[in-house]
Colleague: 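Once you've had a glance at the structure underneath, I'll fire off some questions.
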There are 2 protein chains.
Amino acid sequence: MCPPPALTGHGLDTLDEEERVTTRVGIKEVARLAGVSTATVSLVLNDRAAERIPASTQERVRRAALESGYAPNRLARSLRTRRTHTIGLISDRIATTPYAVRMVEAAQETARRHGHLLFLVSTGGDRELEQEAVAALLDQQVDGLVYACMWHRVVTDLPQGLPPGTVFLDGRPAGGGFPAVVPDDRGGAVAAVQHLVDAGHRRIAYVDIDEEPPPEASGLRHQGYLEVLERAGIQADPALHVRGRSDAAGGAEAASRVLDLPADRRPTALFCFNDRIAMGAYAAARRHGLEIPRDLSVVGYDDQQLIAAELDPGLTTVALPHHAMGRWAVEVLLGERERPTQDDGVVLMPCPLIRRESVGPPSVRDPDRRRV
Amino acid sequence: MCPPPALTGHGLDTLDEEERVTTRVGIKEVARLAGVSTATVSLVLNDRAAERIPASTQERVRRAALESGYAPNRLARSLRTRRTHTIGLISDRIATTPYAVRMVEAAQETARRHGHLLFLVSTGGDRELEQEAVAALLDQQVDGLVYACMWHRVVTDLPQGLPPGTVFLDGRPAGGGFPAVVPDDRGGAVAAVQHLVDAGHRRIAYVDIDEEPPPEASGLRHQGYLEVLERAGIQADPALHVRGRSDAAGGAEAASRVLDLPADRRPTALFCFNDRIAMGAYAAARRHGLEIPRDLSVVGYDDQQLIAAELDPGLTTVALPHHAMGRWAVEVLLGERERPTQDDGVVLMPCPLIRRESVGPPSVRDPDRRRV
DNA sequence: TCCGGCTGTTAAACCGATTAAGCACGTGCT
DNA sequence: AGCACGTGCTTAATCGGTTTAACAGCCGGA
């Protein structure tokens, strides 16, 4: 029992106590306790013993490790094995879209389940920070990188030096060449609008977002919207495609524009770009004396709990598969799941329709009762 | 046990190219290029040269490093220096309270500004996972740990083996002994209620949350509420302290209970435990034919953007200093800021009042007009 | 008796940096 | 000439593990 000199200066009486606190027990100590060499300890504890080392010795080593509370220094191990069991997640931002956070959480959880730790870096979209982050993470010898976006988008100028295996999350690299997963916005829109068509609606407006340039999701959802109309033999009315700011006020304003149309052209249902716009649509409906879903059906997008579930009546909406995407990204990164080869490596994750109470059959009310 | 692909993989033709991609240039290569030993390279690049090494040599080394794109392997460096420049953040959950995410983001940003990377682990409140996380992070030799809660609470059973410097964020350890930062809920309530008193209100209700056990914040805000009333010489009316579920419906129901009181006891202002409850209070006010702020003033808590800013009229509320707390925690951890010694190491972070349009002078309307 | 092979274990190289200690050389002083 | 000292660098130990090659001892067969 002759301990190595303690590194700290603050002298306690009992060296024993001090050591417990400051110095972790290493493989050497275990080897000494078990009366073997460090090589043997390493072999045993890593199950590389392969019959070469008798059970008795293995038992001795394991007991020594357990009793001394040995935990290997992963730094040292990683230096030799060249695997750190860490991954880096770079995201443009995490706080803005509340439920996109689920992506990060899912990524972290998946990493953990596979024995990895996750470095989180959010760059606020700053190119320079992003570049620094890539470098810092590679310096740390991460086993892989996830490049996450908080909105479905096409990433045009990638940082330099992204390692080949990097996985894109909720975005895809302009040039391709990396595995990527994004929500199936077109498919989600199809589900939403089909739901309205199935309920009997023929005049369905798309209350789009008004942003320049329009986000990926905007165009894709429009495609889905048009696709369903066409399949249903409904002539799309350009007047029913309106745009508004992405908040309740903007949504109310845009929704009002279609609700103000003459009775024979006025929509009986609204497909809103997102839940905030749908929230505004509720307000507009109220101002037009329309009751949801009796007089007007509304479908949103995003399934933001704070809005969709709290509105009265509950908003039928389409959920973004944040959790599934976060998990997918890490699984692909860690080789637990096949890398996609089709479609330039881009995988579309389905967006499930969440049915609440904001959709019903079209109203048959007297047009004169339209305003209050 | 599928082997992760790590950074290497898909073979390229030219070894040269391959090397560029797979093998990072090490200190040895730089030494060779500059015609010196690795020791010299290390000395120069770490500015430990201290006049011992002439400028000409330094120049040569630096150029070699730059030209070869040398970046030190932080694993190796850390093994030797015993500092990894990484910190671990353990949080019970990150997705639930949307804006608590700011805490994590602030922590990450602060870590980055001080040259550190942040490991994120969210445990879902699972004790066992929490324990594993502590162990895994310590194995990785993190320089420190932040233990974050997503609601202000007292942490009763801490995981084993938390290193002494661990900082608590939005929570404090039951036994003390660790630095901790929590929002000043009492102070925030004081600001909110004082604001109402200053506007002339005398009958102010506290629409509390109905949870067992009541969260820390509930009691503290109640204290602040009572404190202001007492200072203002207002007799607190127990009937004006009601509780409801923490959502819009619960808030509406609880608010209705006080709005149903006879005119001479009915409050002219509501202080709500949070913004979701305040959202319900808006609905209740509407149903009672009361206009905000003309007939009823409302103050919330949390400043949830999706609610507070979107409501009409905008909700005056109290913001939780998530950003400031996240930053504080990391600064204390990294020794950039003095550890608190007062109050068992617990620091109260001020909660600023956010003034919007939901507060006005008390109504002088005819009580008979109360219902519509 | 000698040799090959098997068993159980270990010495030592290695990962890529940092850093204490020391060496070689020139210079100035006595 | 001899010596101390400063300058400019290098050697080698070290961090805490993993991994390869080899060694000691024993056994059985030729």
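The analysis underlying the following values was restricted to heavy atoms, covering all of them including side chains, and did not include hydrogens, waters or symmetry mates. Just so we're on the same page: letters track the sequence lines, and every chain starts at 1.
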Colleague: If you apply the rule side-chain contact (heavy atoms from CB on, under 4.5 Å), what do you find for A:Phe119 with A:Leu89, and how did you get there?
Modeller: CA-CA 6 Å; A:Phe119 279 117; A:Leu89 190 148; over 6 Å; no
Colleague: When all nucleic acid strands are considered with a 4.0 Å heavy-atom cut-off, which category describes A:Arg77: base, sugar-phosphate, or nothing?
Modeller: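 Sugar-phosphate: the residue A:Arg77, judged by heavy atoms under 4.0 Å, touches backbone atoms but no base.
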Colleague: Could you check whether any side-chain heavy atom of A:Ser91 comes within less than 4.5 Å of a side-chain heavy atom of A:Val121, counting everything from C-beta outward?
Modeller: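 In short, these two side chains do not touch, never coming nearer than 4.5 Å.
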Colleague: Does a nitrogen or oxygen in the side chain of B:Asn73 sit under 4.0 Å from OP1 or OP2 of C:dC15?
Modeller: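 For C:dC15, neither OP1 nor OP2 has a side-chain N or O of B:Asn73 closer than 4.0 Å.
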Colleague: Would you say the side-chain atoms of A:Thr84 pair up with the backbone N or O of A:Gln141, donor to acceptor, closer than 3.5 Å?
Modeller: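 Yes; judged by distance alone, with no hydrogens or angles, the pair exists.
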Colleague: Between which nucleotides of DNA chain D, 5' to 3', does chain A make heavy-atom contacts below 4.0 Å?
Modeller: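 The contacted stretch runs from D:dG16 to D:dT19.
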Colleague: Once you apply a heavy-atom cut-off of 4.0 Å, does A:Val41 come out as touching a base, just sugar-phosphate, or nothing?
Modeller: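 Nothing: the residue A:Val41, judged by heavy atoms under 4.0 Å, touches no strand.
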Colleague: Tell me what B:Leu43 touches on the nucleic acid: a base, only sugar-phosphate, or nothing, going by heavy atoms under 4.0 Å.
Modeller: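 Base contact.
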Colleague: Within less than 4.0 Å of OP1 or OP2 of C:dT10, is there a side-chain N or O belonging to A:Thr40?
Modeller: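 So the side chain of A:Thr40 is within the cut-off, an N or O lying under 4.0 Å from OP1 or OP2 of C:dT10.
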Colleague: Could you check how far CZ of B:Arg82 sits from P of C:dA17, rounded to whole Å?
Modeller: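 These atoms are roughly 19 Å apart.
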Colleague: Whether B:Arg24 and A:Asp139 form a salt bridge (side-chain N of Lys/Arg under 4.0 Å from carboxylate O of Asp/Glu) is what I want to check.
Modeller: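 Looking at B:Arg24 together with A:Asp139, the answer is yes, because their closest N to O distance falls below 4.0 Å.
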Colleague: With a 3.5 Å cut-off and no angle check, do the side chains of A:Arg62 and A:Gln58 form a donor-acceptor pair?
Modeller: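 Note: A:Arg62 and A:Gln58 side chains meet the donor-acceptor criterion.
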Colleague: Heavy atoms only, 4.0 Å cut-off, all strands: where does B:Ser42 land among base, sugar-phosphate and nothing?
Modeller: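 The answer is base, as B:Ser42 lies within the cut-off (heavy atoms under 4.0 Å) of a base atom.
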Colleague: Round to the nearest Å and state the distance from B:Glu29 atom CD to C:dC15 atom C1'.
Modeller: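 From B:Glu29 CD to C:dC15 C1': 17 Å.
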Colleague: Quick one: B:Ile27 CD1 to C:dA17 P, roughly how many Å, whole number?
Modeller: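 Spelled out: CD1 on B:Ile27 to P on C:dA17 is 6 Å.
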Colleague: Whole-Å distance between C:dG5 C1' and A:Arg52 CZ?
Modeller: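 My rounded result for the distance is 11 Å.
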Colleague: For B:Arg48, report the nucleic acid contact type (base, sugar-phosphate, nothing); a contact means any heavy atom under 4.0 Å.
Modeller: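 The residue B:Arg48 makes sugar-phosphate contact but no base contact.
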Colleague: Quick check against the 3.5 Å criterion: does A:Arg327 have a side-chain atom that pairs as donor or acceptor with the backbone of A:His322?
Modeller: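 Side chain of A:Arg327 to backbone of A:His322, a donor-acceptor pair under 3.5 Å: no, none is there.
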Colleague: Is a donor on one side and an acceptor on the other found under 3.5 Å between the side chain of A:Asp344 and the backbone of A:Val346?
Modeller: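 Side chain of A:Asp344 to backbone of A:Val346: no pair is present.
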Colleague: Rounded to whole Å, please give me the gap between CZ in B:Arg83 and P in C:dG16.
Modeller: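 To the nearest whole Å, that distance equals 24 Å.
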Colleague: If I take atom CD1 in residue B:Ile53 and atom C1' in nucleotide C:dT18, what distance separates them, rounded to the nearest angstrom?
Modeller: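 Rounded to whole Å, this separation is 13 Å.
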Colleague: Over all strands shown, is B:Thr57 touching base, sugar-phosphate only, or nothing at heavy-atom distances under 4.0 angstrom?
Modeller: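 Sugar-phosphate: the residue B:Thr57, judged by heavy atoms under 4.0 Å, touches backbone atoms but no base.
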Colleague: For B:Leu45 and C:dT18, give me the distance from atom CG to atom P, rounded to whole Å.
Modeller: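 One finds 8 Å between P of C:dT18 and CG of B:Leu45, rounded.
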